[in-house]
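For this chain, numbers begin at 1 and follow the sequence in order.
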Amino acid sequence: MKSDAYLVSKYNVSGPRYTSYPTVPYWDEDSFSVTGWKESLIRGLGFRGSCAERSQLSDKRSSISLYIHLPFCESMCTFCGCTKRITKNHLVEKPYIQALLKELGMYAEIIGHRPLIQQLHLGGGTPTFFSADNLEDLLIGIFEMADMADSVEFSFEGHPNNTTQEHLKMFSRNGFKRVCYGVQDYNETVQKAIHRIQPFENVQRATIDARAVGFTSVGHDIIFGLPFQTQEDVINTINKTIELMPDRIAFYSYAHVPWIKGNGQRGYSEEHLPSPKQKRMQYEIGKKKLLQAGYVEIGMDHFALKTDALYKAQQTGNIHRNFMGYTSSKTDVMIGLGVSAISDSWYGFAQNVKTLKEYYELLRNGELPVMRGHILTEEDLTIRRHILNLMCNFETSWENNNQFFQELPNVLVQIKELERDGLISIESQKLLITNKGKAYVRNVCMPFDLRLKRKKPETQLFSMTV
């Protein structure tokens, strides 16, 4: 059995996070059209069931997930890779909300009936940049155009510094039960480097206030590998987090890509970052402390208490992963509204334009604000099922004909090395990721990723794990 240091060194290279397959850089944009996207959407709504089972036509409306991207922030956080617009001008709120509702109305026309929403998530940017009153206007507008499923799940991302009691009370009376707060790290030096100053007291207040008004799932996002961050900083952040016992925790690796993220990450260099070995130790000690505190590892980078719906979904095999990350609700279709938002029909993807000017102009012209996308081939669909199974449940099989694809025998030869390293086991027509291999789940997925392999040399089969 290889040592941890050997495995970290071997498998620590860049790779996808697999919130989709194919991943965005490998979309076939040349053959994509908005017409093709609309057809894939209708096709996706003609089925029901989980993403791993699509065999039965439904006479009833299929439920959808609705993601709404709210891009505005008052300041730039340098760790963030999301599409955002930095401004202190809050007059931008109402025009943007009107545009979101117009886009939803266009999708309702394409669908041909009132959408049935199973899951609604507000992301950003900073959703709580918007006032509680304006956000409620947005929700009322959605409720007027769509119906809610019986077990609907509403959630939003909140900034601890500006999520007010008014926000929380408004969300609560409109059916929201889950909130996720971005914490990152509590060390002041690290916070200054990433331009995210927020004391523990603000996170504590926001967490307590959410529970006081009826939120049943409060999540915290923590990042390791940040500039100037030490192992002691991670331990301190985890200890403070455990004091509040959020129901879910996302424990992410920082990605230093200044050539992509722009000048924000040029305020520090690689010499200010933990080494790969130090970064790995930050993850291992953080994970150990979370498990000791009663959290259970969920998929990749996520932990949850046994009382949380995400844990229960994993236990029942109903956990799902899409562009919103891991979710306890499964739908075949996810519609994304707003600049840069990505929609998923299961059979196709579509991403919106990234600038407000283009977004508003296309909507004024009565056009979907889509800039690019991908329509999945039959091979894509089969591989997508395998990668989704691995990312969600740490296993997959090819017992059924619809789970076989032409290059599978070659993939099985390639993953023998993963088996020799103790990361997976192969049993007849089934692949299982071991406990040791869970930290390398993306590495296990990448040999299945034919679109990645066809564009990159074989030596780059593995993904960044720390």
Using side-chain heavy atoms (C-beta onward) and a distance below 4.5 Å, is L122 in contact with E157? no
Distance (rounded to the nearest 0.5 Å) between T241 OG1 and N236 CG: 9.0 Å
C82 backbone acceptor or donor facing K84 side chain under 3.5 Å: yes
Sort and list the pairs that fulfil salt bridge (Lys or Arg N to Asp or Glu O under 4.0 Å) and have at least one residue in residues 103-126, not counting sequence neighbours. R114-D147
Under the side chain to side chain donor-acceptor pair (under 3.5 Å) rule, collect the residues that match up with Q282, sequence neighbours excluded. none
According to the salt bridge (Lys or Arg N to Asp or Glu O under 4.0 Å) rule, which pairs have a member within residues 192-212, sequence neighbours left out? R205-D209, R211-D247
Can you tell me how far NE2 of H167 sits from CD of E136, rounded to the nearest 0.5 angstrom? 11.0 Å
If every non-hydrogen atom of Y360 is compared with every non-hydrogen atom of A99, which pair is closest and at what distance? CE2-CB, 3.6 Å
Between E284 and R280, is there a side-chain N and carboxylate O pair less than 4.0 Å apart? yes
Go through the structure and list residues passing side chain to side chain donor-acceptor pair (under 3.5 Å) with N393, not counting sequence neighbours. none
Side chains of S343 and Q351, heavy atoms from C-beta outward: is any pair under 4.5 Å? no
List in chain and number order the residues that pass side chain to side chain donor-acceptor pair (under 3.5 Å) with Y96, two or more places apart in sequence or in another chain; answer none if no residue qualifies. none
Got a sec, which residues hit salt bridge (charged side-chain N to carboxylate O under 4.0 Å, His left out) with E297, two or more places apart in sequence or on another chain? K287
Please round to the nearest 0.5 Å and tell me the distance separating atom CH2 of W37 and atom CD1 of I42. 10.0 Å
Establish, yes or no, whether the cationic atom of R321 lies under 6.0 Å from the six-membered ring centre of Y326 and within 45° of the ring axis. yes
Looking only at heavy atoms, the pair that brings L310 and D308 closest together is N-OD2, 3.0 Å
Ring centres of Y26 and H374 under 6.0 Å apart? no
Can we call the ring centroids of Y295 and Y311 under 6.0 Å apart? no
Apply side chain to side chain donor-acceptor pair (under 3.5 Å) to Y18 and D449, showing your working. CA-CA 10 Å; Y18 290 115; D449 188 342; 2.7 Å; yes
Quick one: salt bridge (charged side-chain N to carboxylate O under 4.0 Å, His left out) partners of D221, sequence neighbours excluded? none
Checking F129 against H90 for the ring pair (Phe, Tyr, Trp, His ring centres under 6.0 Å) test, could you report, in this order, the C-alpha distance in whole Å, the side-chain angles of both residues, the deciding distance, and whether it holds? CA-CA 8 Å; F129 170 98; H90 287 263; 4.0 Å; yes
Looking only at atom types and distance, does a side-chain atom of Q119 sit under 3.5 Å from a main-chain N or O of L66, one as donor and one as acceptor? no
Using only heavy-atom distances, determine whether the side chains of N318 and T316 contain a donor-acceptor pair under 3.5 Å. yes
Side-chain heavy-atom pair V339, T355 within 4.5 angstrom cut-off: no
Would you please name every residue forming a side chain to side chain donor-acceptor pair (under 3.5 Å) with K312, sequence neighbours left out? none
State which residues pass salt bridge (charged side-chain N to carboxylate O under 4.0 Å, His left out) with D233; sequence neighbours excluded, sorted by chain then number. none
Contacts of type salt bridge (charged side-chain N to carboxylate O under 4.0 Å, His left out), residue R85, not counting sequence neighbours: none
For the rings on F171 and F176, is their centre-to-centre separation under 6.0 Å? yes
Partner set under ring pair (Phe, Tyr, Trp, His ring centres under 6.0 Å) for Y186, not counting sequence neighbours: F200
Output field: ring centroids Y252/H302 closer than 6.0 Å: yes
Donor-acceptor list for residues 177-185 side chains, cut-off 3.5 Å, not counting sequence neighbours:
from : atom 1 : to   : atom 2 : distance (Å)
R178 : NE     : E153 : OE2    : 3.2
R178 : NH2    : S155 : OG     : 3.1
Y181 : OH     : A206 : O      : 2.9
D185 : OD1    : N187 : N      : 2.6
D185 : OD2    : Q229 : NE2    : 2.7
D185 : OD2    : T237 : OG1    : 3.3

